[in-house]
Amino acid sequence: MTSDDLYRTLERVGERFNLGEYEIDAYLTVLEHGDLTASEIAERTDIPQPRVYDTVRSLSDRGLVELRESRPMKVIAIDPEEAFSNVQSSLDEMIAGLESRYTAPGRDTEAVSLVKSRSTILRYLEDVVDAAEYELALSLTPDLLDRFAEQLAGATDDGVSVELIVTPASEAPDPDEFDYAAVATTVRARRGITTPVIAVADGRYSMYATQDALRDDRDRYGVIFNRSALGFLVSGFFGTVLWTTTERTLFSNGEGRSFPRRYASIRRCVKEIQGLEGEFYATVEGRDIETGESRVVEGKIVGFSFEAGERVAGMTVETADGEVTVGGQVAALETIEAHEIRVGEGEPPA
């Protein structure tokens, strides 16, 4: 499809989306480059600088681009197949033409991002769930649980341990009617609509958004921690503030998991292992809290610390060089800050 043909087709689709000349120019330009600032769009089009911001926000409202609220603001291309997914199949030829221009933006370049539109928040939520290799912490509304149930079932089938909060508790599906065992390891319900939507994959990749942001409240944002060291803030908030203030347990099968097990959260590790009978061994990857040097600790688990309310957790590992205490992220009382913990029976897991 030639550029002229593509432009005329977009004009026709514009009648469906109410796209004007400036919107079409800006949209095609962003597609060609993957991501641009407002100034870069003005330089590459005939759109007056004062009109660029209104133009790209109009495109964002229609779900055609993503706005990254940084300085300067970035306009990010969205794959046209996704953006036009609700348009009838007769537009497949147009989408193919747009795909030929699309340059995929690099989403891993910024460790922390603010996102605003509901569609963007949901896309990152899906990405976090997909990224989990062994541990997933989630806080979802019943509607989101239904939306991601199949994806969560796939994660649990792959051996991912899933801690799930459903909120508000009054709207959580009845365990007799919903198969929680298929989507999570442990499920709790939390009262009220104040609980944020959260997803944390392996303690590294996480997102946080208020429920208002999922209802397209223009004054609310989602925050993405893309494999950032700051992601532990979301994980810690989930474990110490939300999980400990849930109203009731809907399902739990944590003890039924096989060994070896992998953990990003020492809170979850200690909570599960200290209640089991037998001898357990750990391989801990982390860093020395005094020197900051990377450390790998291997040995038999000989002790636990787990304060009421689940707010402080740690354990002691007997190594060939003596006992070593292990804590979670930003540990101060222990010797090692754990980033990943593997627990097995008989010997430390590789």
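Excluded from the calculations below are hydrogen atoms, water molecules and symmetry mates; all remaining heavy atoms, backbone and side chain alike, are included.
Residues meeting the ring pair (Phe, Tyr, Trp, His ring centres under 6.0 Å) test with F238, sequence neighbours left out: W243. By the ring pair (Phe, Tyr, Trp, His ring centres under 6.0 Å) test, Y263 pairs with no residue at all, sequence neighbours left out. For the side chain to side chain donor-acceptor pair (under 3.5 Å) test, residues two or more places apart in sequence or in another chain that qualify with R342 are E285, E340. Not counting sequence neighbours, F148 has no partner by the ring pair (Phe, Tyr, Trp, His ring centres under 6.0 Å) test.
D202 places no side-chain N or O within donor-acceptor distance of the main-chain N or O of R204, the cut-off being under 3.5 Å. In this structure, R62 contributes its side chain and S58 its backbone to a donor-acceptor pair below 3.5 Å. Checked by atom type and distance alone, the side chain of T167 never pairs as donor or acceptor with a backbone atom of T195 at under 3.5 Å. Looking only at distances, no side-chain donor or acceptor of T37 sits under 3.5 Å from a matching main-chain atom of P72. Side-chain atoms of D158 never come within 3.5 Å of backbone atoms of V160 as a donor-acceptor pair (strictly under, hydrogens ignored). A donor-acceptor distance shorter than 3.5 angstrom exists from the side chain of T283 to the backbone of P349, with no hydrogens or angles considered.
Annotation: side-chain hydrogen bond (donor to acceptor under 3.5 Å, both in side chains) contacts involving residues 314-328, sequence neighbours excluded, comprise T325-T335. Sorted pairs that involve residues 141-150 and meet side-chain hydrogen bond (donor to acceptor under 3.5 Å, both in side chains), not counting sequence neighbours, are lacking altogether.
Atom CD of residue E272 and atom OG of residue S265 lie 9.5 Å apart, to the nearest 0.5 angstrom.
Ring centroids of F306 and F304 are separated by 6.0 Å or more, keeping the two rings apart.
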